[in-house]
Structure formats: structure tokens, C-alpha cells
K.L.:
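The structure is given below, and queries will be raised subsequently.
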Amino acid sequence: MRINNSLYLVDSFTSEPFKGNPAGVCLMDEMRGESEMLSIAAELGFSETAFVMKADARGIYRIRYFSPKMEIPLCGHATLAAAKVLFSESQLDKVQFETIKNTMLTVEREDSEIVMRFPIYQTHPAEAPAPLLRALGLTEFINCEYNSETNMLLIEIESSEVLRRLAPDYSTLIKSHSGIDGVLITAKSSEEEFDFESRYFWPWSGTLEDPVTGATHTFLALYWSKKLGKTTMKSFQCSKRTGSMTVSVEGGKELQIKGQAQIIFQGRLLV
């Protein structure tokens, strides 16, 4: 399998091209320097680009994720995109990735879908600053919690219809909080097909809004599992591009994320 400097564009968490969350995937024989990977991610302009180095003697691929602004420790949609590329270019049905934080991620092919196994994180009660709420356009909320592993705030609101209509003032939002990487807004879904919905805003560390975010489900799935009394749920991210995934909380220790991805473009990095 030839992987040196191969570059792909993949739409994750969707069965349709040009929906879901686009990610860059760069397959390399050797990992590049951080500044160079950041420059490539900024040039591509996607919410994340995954840099994947060929499998080591253990058969494990090293993976690193960069937004246009910084390195991200864990990214669901870019992991899905990287696995989609490896599965499409080989006879593999299972791959393992090792992140910069030494987290081991197991990903398997299951017919037309891809199943990822991620860690599960807890949330803790937190304050929702009034300036942050105003910048988001929220006048009320049900609950606010914080996850330390991802440095994200979770804010639950009453209505998924309100969630879909949110139009944050990003210049004000970025000034409203100095200690988080992003804020996740979520609500119980009003659609029978889905259990809960979410939108993720992260002007502090990436783009303005992430279209579909796998990493938020490392704590969002457990949060809704406790509220709904369910272990397997259908999640919908109601961004402009939209996207969905099935999440399962297995024994409270491991998260299973199941979704689809579409390869849109394949090329070669020339620098």
C-alpha cells in the first residue's frame, strides 16, 4: 500500500457526499514537524486534518489531528475519515490508531459503516457565564457541565428547534470565555428518528462551528444515556451540513460510535 504523502478529502458521518463533516487525511511514511502539519491544516482549512503514519511493527498507526489553529488531542470525524481511507486502500477490516496522548483507538469495518471505540468521559457541574449565553443567543438553559479531557462546556437547552435556529455572535463569543476550547449546545430531539441533537461552537481553538463532532460524544453520549435511560442512541448534529451517528455506551467504560463516510477527493501533497 503506497501511503507516502497521499492526501484525501473525506466527508464523515454521512451517507451523502458534501454533507457531514469534511476532513483532510494525509498518509505519510514519516510524521512531519508540528509547525508543518499546522501549516498544511491551515492551508486545507477544514475543521481538522488527520496525519497518519504507516503502521509500526505492532501494526498500529500513529495519528495526529490539527485544526487550522492548533493541535487537537482527539477527533472523531477525522479518525473516521482516516479509517475510511485505510479500508478503501487495503483489505483491512480493523485498524488501531495511537494518538498524541497515547490513547488507543480501535476502528472496524462493518458492511457500509465504520465502528469506532473511544473512551468515555465524565462531566461536572459548571457555570454558564452570562456573556457566553448572550453571545450564543440563549435566554435560558436547563443545565451546564464541563468536561476536563476535552476542555469543553456542555449546555443543555429545552428545545431542539431553538438549537437549530441559533446564530451566535462569534466575535462576542470568543471574548466571553477565556478558559475553554469549545461549547457544545444540546437538546432532546423532537424527531422520532433521533434521541438527541447538538451543535458545537469552537472559535477559540478551531473553526466557528464544527459540522459534526465525534469527540464531543465521549461525554455527550454518557450524559444523555443517564438522562434517557438508554445505552444505544441516535445522535443528530443539526449544523448547516448536518450529520448523524449511532452511539452506544458499553458498561460505562467504552463508547462505540458507528457512522459512514464518503471519500470525495484523492491527491498528493507536493511539499
Side-chain angles (χ1 to χ4, degrees), residues 1-32 37 40-41 44 46-66 72 74-100 103-119 210-215 217-218 221 232 234-235 237 241-248 250 254-269:
M1 177 181 173
R2 183 179 178 86
I3 69 172
N4 186 32
N5 294 337
S6 298
L7 184 63
Y8 299 79
L9 164 59
V10 184
D11 288 342
S12 294
F13 295 121
T14 180
S15 60
E16 301 178 51
F18 314 119
K19 290 191 175 183
N21 199 352
V25 177
C26 187
L27 303 185
M28 304 171 294
D29 284 333
E30 295 182 355
M31 196 64 75
R32 298 196 177 205
M37 288 189 284
I40 293 170
L44 292 175
F46 303 127
S47 57
E48 275 101 0
T49 295
F51 295 86
V52 182
M53 198 176 79
K54 65 179 181 180
D56 60 20
R58 302 169 297 167
I60 296 172
Y61 293 85
R62 287 176 57 207
I63 189 167
R64 293 176 73 174
Y65 316 95
F66 284 80
I72 306 297
L74 182 64
C75 176
H77 87 278
T79 302
L80 181 65
K84 176 71 175 182
V85 168
L86 292 176
F87 291 150
S88 71
E89 296 291 342
S90 71
Q91 299 301 311
L92 294 172
D93 289 316
K94 178 179 179 179
V95 296
Q96 284 188 299
F97 296 108
E98 185 174 16
T99 74
I100 190 67
T103 301
M104 298 299 298
L105 306 175
T106 299
V107 186
E108 299 178 79
R109 174 167 28 196
E110 190 175 287
D111 298 323
S112 63
E113 295 188 298
I114 292 174
V115 180
M116 304 186 292
R117 298 185 183 275
F118 273 43
D210 198 34
V212 196
T213 318
H217 289 76
T218 54
T232 298
K234 193 69 178 290
S235 168
Q237 198 145 336
R241 289 176 64 100
T242 72
S244 64
M245 66 192 80
T246 301
V247 293
S248 297
E250 301 183 354
E254 184 179 69
L255 171 68
Q256 178 178 287
I257 302 176
K258 182 184 292 188
Q260 297 188 51
Q262 309 298 317
I263 297 176
I264 303 300
F265 171 85
Q266 177 182 354
R268 190 165 175 79
L269 191 65

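If you read the sequence from its start, that first residue is 1, and numbering goes on from there.
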K.L.:
Got a sec, which residues hit side-chain hydrogen bond (donor to acceptor under 3.5 Å, both in side chains) with Thr103, two or more places apart in sequence or on another chain?
P.N.:
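Listed in chain order: nothing, the list is empty.
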K.L.:
Ile257 versus Met245: any side-chain heavy-atom pair under 4.5 Å?
P.N.:
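Side chain of Ile257 against side chain of Met245, heavy atoms only: contact under 4.5 Å found.
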K.L.:
Looking at CG of Leu74 and OG1 of Thr99, how far apart are the two atoms once the value is rounded to the nearest 0.5 Å?
P.N.:
6.5 Å
K.L.:
Using the test side-chain hydrogen bond (donor to acceptor under 3.5 Å, both in side chains), find all partners of Ser248 that sit at least two apart in sequence or belong to another chain.
P.N.:
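With neighbours one apart ignored, the set is Thr232.
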K.L.:
So how far is it from Phe13 CZ to Ile114 CD1, rounded to the nearest 0.5 Å?
P.N.:
9.5 Å
K.L.:
With rounding to the nearest 0.5 Å, note down the distance linking CG in Leu86 to OH in Tyr8.
P.N.:
8.5 Å
K.L.:
Can you measure from NZ (Lys19) to CD (Gln260) and round to the nearest 0.5 angstrom?
P.N.:
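Lys19 atom NZ to Gln260 atom CD measures 13.0 Å (nearest 0.5 Å).
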K.L.:
Under 3.5 Å, is there a donor-acceptor pair linking the side chains of Thr14 and Gln262?
P.N.:
no
K.L.:
Suppose we screen for side-chain hydrogen bond (donor to acceptor under 3.5 Å, both in side chains). Which residues come up paired with Arg109, at least two apart in sequence or across chains?
P.N.:
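In terms of side-chain hydrogen bond (donor to acceptor under 3.5 Å, both in side chains), with neighbours along the sequence ignored, Arg109 is linked to Asp93.
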K.L.:
Rounded to the nearest 0.5 Å, what separates atom CE in Met116 from atom CG in Leu255?
P.N.:
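That separation rounds to 8.5 Å.
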K.L.:
What closest approach, in Å, do Lys94 and Phe87 show between heavy atoms, and which atom pair accounts for it?
P.N.:
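It is N-CE2, 3.6 Å.
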K.L.:
Tell me every residue that passes side chain to side chain contact (heavy atoms under 4.5 Å, CB included) with Lys234, counting only those two or more places apart in sequence or in another chain.
P.N.:
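By the side chain to side chain contact (heavy atoms under 4.5 Å, CB included) rule, Lys234 matches Glu193, Phe194, Asp195, Ser244, Thr246.
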K.L.:
For a quick test of reading the model, state the closest non-hydrogen atom pair linking Cys26 to Leu269 and the distance between them.
P.N.:
SG-CD2, 4.0 Å
K.L.:
Would you indicate whether the side-chain heavy atoms of Asp210 and Glu48 approach each other to under 4.5 Å?
P.N.:
yes
K.L.:
Looking only at non-hydrogen atoms, find the nearest pair between Thr49 and Ala41 and report the distance.
P.N.:
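Closest pair (atom of Thr49, atom of Ala41, distance): OG1-CA, 3.9 Å.
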K.L.:
Name all residues meeting the ring-ring contact (aromatic ring centres under 6.0 Å, His included) criterion together with Tyr65; count only those two or more places apart in sequence or in a different chain, and write none if there are none.
P.N.:
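Expected list: none.
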K.L.:
Test of understanding: with side-chain hydrogen bond (donor to acceptor under 3.5 Å, both in side chains), list the residues that count as partners of Asp11, not counting sequence neighbours.
P.N.:
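Testing Asp11 for side-chain hydrogen bond (donor to acceptor under 3.5 Å, both in side chains), a comparison that skips the adjacent residues, returns Arg241.
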K.L.:
Identify the heavy atoms of Met31 and Met53 that sit nearest to each other, and give their distance.
P.N.:
N-SD, 3.3 Å
K.L.:
Who are the salt bridge (charged side-chain N to carboxylate O under 4.0 Å, His left out) partners of Glu113, not counting sequence neighbours?
P.N.:
none
K.L.:
Closest approach of Pro22 and Pro211, non-hydrogen atoms and distance?
P.N.:
CD-CG, 4.4 Å
K.L.:
How many angstroms lie between CZ in Phe97 and CE in Met104, if you round to the nearest 0.5 Å?
P.N.:
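Between atom CZ of Phe97 and atom CE of Met104 there are 10.5 Å.
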K.L.:
Of all residues at least two apart in sequence or in a different chain, which pass the ring-ring contact (aromatic ring centres under 6.0 Å, His included) check with Phe46?
P.N.:
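Once residues adjacent in sequence are excluded, Phe46 has no partner under the ring-ring contact (aromatic ring centres under 6.0 Å, His included) criterion.
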K.L.:
Can you find a heavy atom in the side chain of His217 that is under 4.5 Å from one in the side chain of Gln237?
P.N.:
yes
K.L.:
Taking side chain as C-beta onward, heavy atoms only, is Ile263 less than 4.5 Å from Glu89?
P.N.:
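The answer is no, as the side chains (C-beta and beyond) never meet within the 4.5 Å cut-off.
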K.L.:
Look at the rings of Phe51 and Phe66 and say which category their plane angle falls in: under 30° parallel, 30 to 60° tilted, over 60° perpendicular.
P.N.:
perpendicular
K.L.:
Are side-chain heavy atoms of Thr242 and Glu16 found at a separation under 4.5 Å?
P.N.:
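Not in contact.
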K.L.:
Any idea which heavy atoms bring Ala82 and Val25 closest together, and the distance?
P.N.:
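Between these two residues, the closest heavy atoms are N-CG2, 3.8 Å.
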K.L.:
Taking salt bridge (charged side-chain N to carboxylate O under 4.0 Å, His left out) as the cut-off, I'd like each qualifying pair that reaches into residues 254-265, sequence neighbours left out, listed once.
P.N.:
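Listed once each, the pairs are Glu110-Lys258, Arg117-Glu254.
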K.L.:
Going by the rule salt bridge (charged side-chain N to carboxylate O under 4.0 Å, His left out), which residues pair with Asp56 if we only count those two or more places apart in sequence or in a different chain?
P.N.:
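Checked Asp56 against salt bridge (charged side-chain N to carboxylate O under 4.0 Å, His left out); matches are Arg58.
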K.L.:
Does Ala261 have any side chain to side chain contact (heavy atoms under 4.5 Å, CB included) partners at least two apart in sequence or in another chain, and if so, which?
P.N.:
Val10, Ser12, Leu80, Lys84
